[in-house]
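See structure below.
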Amino acid sequence: MSELVDLKVKEHQDLFPMLGTDYVEFYVGDAKKAAYYWMRTMGFQPLAYSGLETGNQDTVSYVLRQGKITIVLTGSYHPDTEVAEHVKRHGDGVKVYAITVEDARQAFAVTTERGAKPFMEPRVLRDDHGEVVLSGIYTYGETVHIFVERKNYEGIFMPGFELWDPPFRFPEMGFKYVDHAVGNVEEGKMVEWARFYENVMGFFNLLTFDDKDISTEYTALMSKVMSNGNGWIKFPINEPAPGLKKSQIQEYLEFYGGPGCQHLALATDNIIETITAMRENGMEFLEVPDTYYETLEARVGKIDEDIEDLRRLKILVDRDEYGYLLQLFTKPIQDRPTFFIEVIQRKGAKSFGKGNFKALFEAIEREQARRGTL
Ligand code: FE2
């Protein structure tokens, strides 16, 4: 059964200094339209651009920001780029989870020495604003971690990018930081990838869920939450567990063509305002049955929010020993039923909404049944 490691007791040191999430990059079929979607439905602000006009002959990237969250959306001008190949195999999806480090050369040396497969040898990018050092390693599937050393850089994003300042903008929606990023891996591979994060990256196992924690009549999964030392970067790893019907993780693996990032949890400090704005601007969410709210107060006790607001917006609530959290999950945000967004507001809670898994999975199964993939 699950057990949350007490962070105060578990004083964990990183193998090399990790300063947080730097950016998350998606490879997409059409970066221009994807950028508009992230602005319109989630309130991201335009920041930087790279493409033909900046001398980039092969790929085009739009960089968006809100709070501490930086999203890069990259498309391809030609069929023979790594980006185009990736999109052909996986559809739109997360390629890069970038981590800000003190020293990108050190991060590369430490992780590859410990067995990581190299993705990018350390390289220095320079412009008038200074220099950025990048290096990268593979994680599950074709997903990579890029280590970004930007302490000697004062530009808007990175050399090769120019300011992107379009005349249209949509208001921010309250997003502050990336809370966690979840990976789906094949059945039997969860422990292997948890060990990768332990041995290669120096993370520790914050929490484990087995199929008794996370199962419904039809589907089951297991999950291990890996965290870096200071707790700023958290990567839960899911694998499908056998159920009566097809697990949502299995559905992901089939449509994505292998392991990959299942969802990003983005934190807000006012989930009611955030979800209201997202719904008004066209984001679609998983349906939560009204019956969920009938037992809510009995299950989670007193909360600051009005239950009627939560019922109207279909926001989920869960409590652990430290406090409570509010969360809600979007439907997949691209054609394939793969990647989605979690919106989360933490009010003390350090866990991941275990009490909501059953309600959530039943909602996902209703969607799977409609897709004919259950
Ligand atoms: Fe999550």
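Atoms within each ligand, like the ligands themselves, are counted from 1 in listed order. Below, each value reflects all heavy atoms present in this structure, side chains not excepted, and no hydrogens, waters or symmetry copies. What you see is a predicted model; the values in this text were computed from it and never measured.
Not counting sequence neighbours, the partners of Ala181 by the side chain to side chain contact (heavy atoms under 4.5 Å, CB included) test are Tyr97, Phe235, Leu264. For Asp127, the side-chain hydrogen bond (donor to acceptor under 3.5 Å, both in side chains) partners are Tyr153, not counting sequence neighbours. Taking the side-chain hydrogen bond (donor to acceptor under 3.5 Å, both in side chains) definition, one finds that Glu102 meets it with nothing, sequence neighbours left out.
For the pair Glu85 and Lys88, the salt-bridge criterion is not met [side-chain N within less than 4.0 Å of a carboxylate O].
Around the Fe ion (ligand 1), the protein N, O or S atoms closer than 2.8 Å are His180 NE2, His263 NE2, Glu342 OE1, listed by chain and residue number.
The ring-ring contact (aromatic ring centres under 6.0 Å, His included) with Tyr62 is formed by just one residue from the set Tyr49, Tyr36, Phe157; it is Tyr49.
Checked against a 6.0 Å centroid threshold, the rings of Phe339 and Phe26 count as neighbours.
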